[in-house]
Protein chains: 2
Amino acid sequence: MSDSGESVKRKTKRPSAERTTQRDPERTRAAILEAATKEFAENGMGGARVDSIAERAGTNKRMLYHYFGDKEQLYLRVLEEAYVRIRTAERALNIGTRDPEEGIGELALFTWRYFLQHPEFLSLLGTENLHRARWLRQSVRLKELHSHLIGELSQVLEEGKKSGVFIETADPLHVYLTIASLGYFYLSNQYTLSTIFGRDLITPANLEAWERHIVHVTLASIKR
Amino acid sequence: MSDSGESVKRKTKRPSAERTTQRDPERTRAAILEAATKEFAENGMGGARVDSIAERAGTNKRMLYHYFGDKEQLYLRVLEEAYVRIRTAERALNIGTRDPEEGIGELALFTWRYFLQHPEFLSLLGTENLHRARWLRQSVRLKELHSHLIGELSQVLEEGKKSGVFIETADPLHVYLTIASLGYFYLSNQYTLSTIFGRDLITPANLEAWERHIVHVTLASIKR
DNA sequence: CAAGCCGGTAACTAAACAGTTACTTGATGG
DNA sequence: CCATCAAGTAACTGTTTAGTTACCGGCTTG
């Protein structure tokens with residue numbers, strides 16, 4: 001894929017006039033993916049409209065089918081990309097090498113803030129689970145993406161147990177699920193919750209309170 | 001609504017042959033509601049098919065539109081009924097009058113087990129939140145249904161604070177959201193979670209472990 | 001400068017869908 | 001035994017939708 005002096009195409013590569021609203025495959029592809037992410041997040045798999053995606057992307061259905069095959073393949077691509085993005089950002093935390101209590105706290109904060117800034121990711125998860133992971137199961141790319149997270153979590157928990165700050169029964173998967181639960185539910189269910197309890201959960205003050213609550217609960221559940 | 005000897009209709013009320021697959025409005029209505037609950041839970045609002053609901057109910061579209069108006073009104077009815085059912089069962093716990101620690105533990109257990117036995121309720125919540133509570137917001141019946149829960153929770157938390165078992169900062173809404181988060185996320189996201197972590201979360205052993213975890217986390221977060 | 005390829009457009013098609021209408025059946029009451 | 005009315009059926013309609021096809025135009029290359 002690297003342009004290693006090959007004669008395939010683009011010798012003169014559009015010398016001046018960097019963008020004259022001309023054709024640009026990469027740009028179109030990326031625009032479709034971004035538009036599809038929004039459309040699927042807002043309307044789910046059943047509710048998303050292919051025409052609407054094409055329009056949001058500033059292109060048309062022909063290109064969408066050209067690049068992605070059909071609606072289902074496009075959806076899977078959107079989902080895979082969303083997972084890759086969060087796991088990549090998470091990896092940069094390097095919680096494995098930190099002080100145990102600080103490491104867990106940082107993971108909780110990161111997860112909460114990522115969820116808060118990427119509501120489309122939560123939506124996509126919800127949609128995919130409504131369909132019992134029908135599309136994610138077919139994905140070959142994602143299996144190994146997640147073992148790294150559990151590995152680092154195990155590492156930091158073990159260290160905490162050795163130094164006596166964490167209880168012996170603390171389990172890496174349970175800790176991650178606890179952190180994710182508290183963030184996911186609050187945000188993804190904010191609309192019904194705000195309605196039934198008559199209290200707007202998304203005000204800055206309430207968000208900050210819940211952030212502190214997540215860190216507090218996570219640490220309280222594993223500290224000796 | 002009670003049959004107080006009124007002369008409206010059904011004087012002889014079908015004396016023998018209790019059901020000859022004849023007409024029965026109540027039965028048809030209930031069948032449609034039950035079928036709709038399943039269809040909406042499995043496919044969401046956008047994915048649910050009116051024809052499919054009619055077929056599942058053993059009737060046809062004409063009756064569905066006759067009793068419920070249109071698809072949206074039927075959906076709202078399904079959602080309202082689901083909320084009424086969980087809040088009614090919850091009320092029977094009477095946590096307000098119990099020993100504080102036991103009361104909170106019982107609420108956590110009840111919520112977890114109710115979610116486990118009523119996956120369609122979780123699905124409906126997910127669907128409704130995807131649409132930002134568009135239909136629930138229109139409901140007039142549900143506003144007061146939830147103040148009771150928070151009231152009883154406040155009561156039991158206050159008592160726990162007085163007797164010194166709970167910390168002063170424990171907040172009723174936060175406690176409920178913690179319990180609901182841990183149950184909801186584990187179950188509603190079980191499909192993607194099982195896939196990415198390569199571990200079946202729904203085995204009896206894993207379910208029991210998570211049940212114990214929920215009670216542990218909830219109490220650890222508010223105990224002094 | 002001619003051939004053809006590739007990014008892109010727009011109109012089309014077959015199927016699926018929500019909602020409607022015209023009709024059937026059977027119980028009741030005069 | 002006939003008129004009425006409500007429960008229920010089934011075929012129909014207009015619209016929306018995923019996916020396709022016929023075509024355009026400019027760039028690259030021989």
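Letters A, B, ... are given to chains in the order of the sequence lines, protein chains preceding strands, and every chain is numbered from 1.
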Open item on the list: As an exercise, state the distance from CG of A:L109 to CZ of A:R113, rounded to the nearest 0.5 Å.
Closed with: 4.5 Å
Can you give me every donor-acceptor pair (side chain of residues 194-205 of chain B, partner residue at least two apart or in another chain, under 3.5 Å) with its distance?
{"residue": "B:S194", "atom": "OG", "partner": "B:Q190", "partner atom": "O", "Å": "2.8"}
{"residue": "B:S194", "atom": "OG", "partner": "B:R199", "partner atom": "O", "Å": "3.3"}
{"residue": "B:S194", "atom": "OG", "partner": "B:L201", "partner atom": "N", "Å": "3.1"}
{"residue": "B:T195", "atom": "OG1", "partner": "B:Y191", "partner atom": "O", "Å": "2.7"}
{"residue": "B:D200", "atom": "OD1", "partner": "B:I202", "partner atom": "N", "Å": "3.2"}
{"residue": "B:T203", "atom": "OG1", "partner": "B:N206", "partner atom": "N", "Å": "3.3"}
{"residue": "B:T203", "atom": "OG1", "partner": "B:N206", "partner atom": "ND2", "Å": "3.2"}

TODO: Whole angstrom is fine here: how far is it from CG in B:L64 over to P in D:dA10?
DONE: 16 Å
- [ ] Measure the acute angle between the ring planes of A:W210 and A:Y186, then classify it against the limits of 30° and 60° as parallel, tilted or perpendicular.
- [x] parallel
TODO: In whole angstrom, give the distance that lies between atom CD of B:E55 and atom P of D:dA10.
DONE: 12 Å
Open item on the list: From CZ of B:R29 over to C1' of D:dA6, roughly how many Å is that when rounded to an integer?
Closed with: 16 Å
Which donor-acceptor pairs under 3.5 Å do the side chains of residues 59-66 of chain A make with protein atoms, sequence neighbours left out?
{"residue": "A:N60", "atom": "OD1", "partner": "A:R62", "partner atom": "N", "Å": "3.1"}

TODO: Indicate whether OP1 or OP2 belonging to D:dG8 is found under 4.0 Å from a side-chain N or O atom of B:H66.
DONE: no
- [ ] Please work out whether the ring planes of A:Y114 and A:H118 are parallel, tilted or perpendicular, with thresholds of 30° and 60°.
- [x] parallel
TODO: Please determine if a side-chain N or O atom of A:T28 lies less than 4.0 Å away from the OP1 or OP2 oxygen of C:dG7.
DONE: no
TODO: To the nearest 0.5 angstrom, please state how far the OH atom of B:Y176 sits from the OG atom of B:S181.
DONE: 9.5 Å
Open item on the list: Walk along nucleotides 9-19 of chain C from 5' to 3' and tag each nucleotide B, S or - by protein heavy-atom contact under 4.0 Å, base first, then sugar-phosphate.
Closed with: BB------SBB
